[in-house]
Structures are given as C-alpha cells and as structure tokens.
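Each remark here refers to the structure printed beneath this line.
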Amino acid sequence: MKRTFLNRILLIMVALLTMACSNDEEGQAKALTMTAGKTLVVFYSYTNNCRDIVTMLTSQIEADVLEIQPAEKGQRYEANNYALGTQLLNAIKANPNSASSYPAIDPVATSLTDYQNIIIVTPLWWSQMAAIMQSYLFSFGPQMAGKNIGLIVSSASSGISGVVADCKRLVPNGNYFSQNLWINNSNRSNRSSLIQNWLTAINYNSVSAIHSPQQSAKQSSAFYTLSGQKVAQTRKGIYIVNGKKKLMK
Ligand SMILES: Cc1cc2nc3c(=O)[nH]c(=O)nc-3n(C[C@H](O)[C@H](O)[C@H](O)COP(=O)(O)O)c2cc1C
C-alpha cells in the first residue's frame, strides 16, 4: 500500500519534469523563429565613404551596425605613396592563414548568432579588401557559415573582383547574394538609388529567393554549429541548415 502510494508520487514527478522540459524546448524554438532574418551591417571606413554608404543603407533597411576599428589609431595608410596600406596587405598575402599576418583590431563584442543576413561594407585597397576588414573576417568569417552574405565595396575606380575573392576566402561558407554592389568615384553621387536597386536585385525582402536551386540543394545537407563548424553527424541541439536555425530533438 505504502509502496503503491510512493510509486504514484514518483510517476507524477516524472510527468511534471517531462512537461517542463518540453515547454522549455518549445519556448526556445519560438524565440529562434522570432529572431530569424535579422541583419547586421559590418563596415570599416578610413575616409568615410563606406560610413556614408552605411548611413544610406540603414535608412532603407532595418539592421544593426558594427564598425570595425584598427587597434592602432591615427595611422595614415595612404602616406608615402600608400606605403603602410601596401605593407599591411603584403603581410596578409605572404601568409593568409596566420592570425599574426592581420593588423590588430579593437575587440568586437557583437555575437553573430542572432543574425541571418550580414552585409559587409568595405573599402578596396590595391584591388584587395582593406586590411582592417580582412582582420575582422579572418576571426569571424567562419561563424558566418550558412548566413546570407552581402558585399558592398567602395573604391576610387578599380574593379572589385579581388575584394570578392578575399571575401570568399575569409567567409568560405557564406550564402552569397546573387550580386555585389560596387560604388566608385563616378557613380558615388547616385549611391542612394544604387543601394535601392541592389536591394531589389538581390531580392533582399524575400531572402529565400536568393539561392540558385543547385546551391540550395547542395547546402540543404550541410549542418553547421552556431559557431560555424560543419558537423558530419548531428546530436540534440541547434544547428544552421541551409541558412536557417534548426532545433534537433
Ligand atoms: C591604402 C589604400 C589603397 C587604395 N587603393 C586603391 C586602388 O587600388 N584602387 C582604387 O580605385 N582605390 C583605391 N583606394 C581608394 C579607396 O578604395 C576609396 O577611396 C574608398 O572609397 C575608401 O573608402 P573609405 O572612405 O570608406 O575608407 C585606396 C585607398 C587606400 C587608403
């Protein structure tokens, strides 16, 4: 009699515990759905052209903004015929896989976990991505796996293919938008409408439409952890699959 009573109490406790756990999981899934689709604009700017672009961009879309700053202040990258800028880029080129090749930047507190879309706005230096932005992407690019990546490049006149290549090296597993945006001295005065046209061209408001069918099929089988590590086998937890968060039970 005593034992049956104890067994009942035990059964009720187990049932309550199970309910609490499943509610917790549902709550987590709801919170994730609500944050999906957030956009982060990350930029570096030496002479404020990229800063202007970001101001115009964020007047057209809702986004959080992260500015990357060099740790060493007051540097003149263009002095002595661009000697310092050249030196920084040459160091990266000589050893692109070593963290010590990249110029130090101020600590970055922004976590990428909540963002599904990341728009990188960077100057071009000697047909490459500005060294300071490369430093940020060297550290954080791997965490952008599976996220939608937009690239806006500002140059005086040089074409941006080298910057695109740098971006793909540093963010190898991003879902790149179908077009990048290049703003230069000759089209700078139209930058507001160029941004607007670009957002329309990449179908920004309907992000699901940005992948080609082949890309989607390829990415649908890949699972990434929230910190961007590709996993061969999933366990219980949250993963990024095909650019979206997925809760594995
Ligand atoms: C070190 C350095 C190298 C540059 N190299 C080039 C170049 O090769 N071609 C070009 O068209 N512009 C070059 N520029 C100009 C910048 O790309 C351009 O002014 C850009 O708009 C700067 O953006 P920001 O004002 O946000 O720094 C260079 C600028 C710097 C500082």
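Throughout, numbering of the chain's residues begins at 1 and tracks the sequence. Both counts, for ligands and for their atoms, begin at 1 and track the order of listing.
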Legend entry - Phe43 side chain reached by Ile152 side chain, heavy atoms, under 4.5 Å: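 Counting from C-beta outward, Ile152 and Phe43 never come under 4.5 Å.
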Legend entry - Check: Leu112 and Ile118 side chains under 4.5 Å, non-hydrogen atoms: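 Sidechains of Leu112 and Ile118: in contact.
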Legend entry - Those residues that, when tested against Arg188, pass salt bridge (Lys or Arg N to Asp or Glu O under 4.0 Å) (two or more places apart):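 Arg188: no salt bridge (Lys or Arg N to Asp or Glu O under 4.0 Å) contacts found.
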Inset, instruction - Please indicate whether Asn48 has more than 12 foreign heavy atoms, meaning atoms of other residues, nucleotides or ligands, lying under 6.0 Å from its CG. - result: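 For Asn48, atom CG is crowded (more than 12 foreign heavy atoms under 6.0 Å).
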Legend entry - Over 12 foreign heavy atoms within 6.0 Å of CD, Gln69: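 Atom CD in Gln69 is packed in, count exceeds 12.
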Legend entry - Lys NZ or Arg CZ of Lys147 over Tyr115 ring: under 6.0 Å, within 45°: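 No, Lys147 does not sit over the ring of Tyr115.
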Legend entry - Structural part of Arg188 in contact with ligand 1, heavy atom criterion under 4.0 angstrom: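 Near ligand 1, Arg188 shows its side chain, while the N, CA, C and O stay back.
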Legend entry - ligand 1 versus Tyr82: contacting region, heavy-atom distance under 4.0 Å: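 Looking at Tyr82 and ligand 1, just side chain atoms fall under 4.0 Å.
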As an exercise, identify every atom of ligand 1 less than 4.0 angstrom from a heavy atom of [X].
| X | result |
| --- | --- |
| Asn49 | 19 (O), 20 (C), 21 (O), 22 (C), 23 (O), 24 (P), 25 (O), 26 (O) |
| Ser127 | 8 (O) |
| Ser157 | 10 (C), 11 (O) |
| Tyr46 | 24 (P), 26 (O), 27 (O), 31 (C) |

Legend entry - Asp106 and Lys73 ion-paired at < 4.0 Å: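 So Asp106 pairs with Lys73 through a salt bridge.
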Legend entry - Under-4.0 Å salt bridge between Arg51 and Glu67: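 Result for this pair is yes, salt bridge flagged.
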Nearest to [atom], what protein heavy atom do you find, and at what distance?
| atom | answer |
| --- | --- |
| atom 23 (O) of ligand 1 | Pro123 CB, 3.4 Å |
| atom 26 (O) of ligand 1 | Ser45 OG, 2.6 Å |
| atom 25 (O) of ligand 1 | Thr47 OG1, 2.4 Å |
| atom 9 (N) of ligand 1 | Ser158 OG, 2.7 Å |
| atom 21 (O) of ligand 1 | Ser154 OG, 2.6 Å |

Which option, [options], owns the non-hydrogen atom nearest [atom]?
| atom | options | answer |
| --- | --- | --- |
| atom 18 (C) of ligand 1 | Ala156, Ala83, Ala130, Ala79 | Ala156 |
| atom 17 (O) of ligand 1 | Ile160, Leu124, Val121, Thr86 | Leu124 |
| atom 31 (C) of ligand 1 | Trp126, Phe43, Trp125, Tyr44 | Trp125 |

Inset, instruction - Compute the shortest N/O to N/O distance between Cys50 and ligand 1 and return yes if it is under 3.5 Å, no if not. - result: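 Yes, since at least one N or O of Cys50 sits under 3.5 Å from an N or O of ligand 1.
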Inset, instruction - Tell me, please, which residues at least two apart from Tyr77 pass ring pair (Phe, Tyr, Trp, His ring centres under 6.0 Å). - result: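 In terms of ring pair (Phe, Tyr, Trp, His ring centres under 6.0 Å), with neighbours along the sequence ignored, Tyr77 is linked to Tyr46, Trp125.
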Inset, instruction - Kindly indicate, with the supporting measurements, whether the criterion side chain to side chain contact (heavy atoms under 4.5 Å, CB included) is fulfilled by Asn180 and Val153. - result: CA-CA 8 Å; Asn180 308 302; Val153 183; 5.8 Å; no
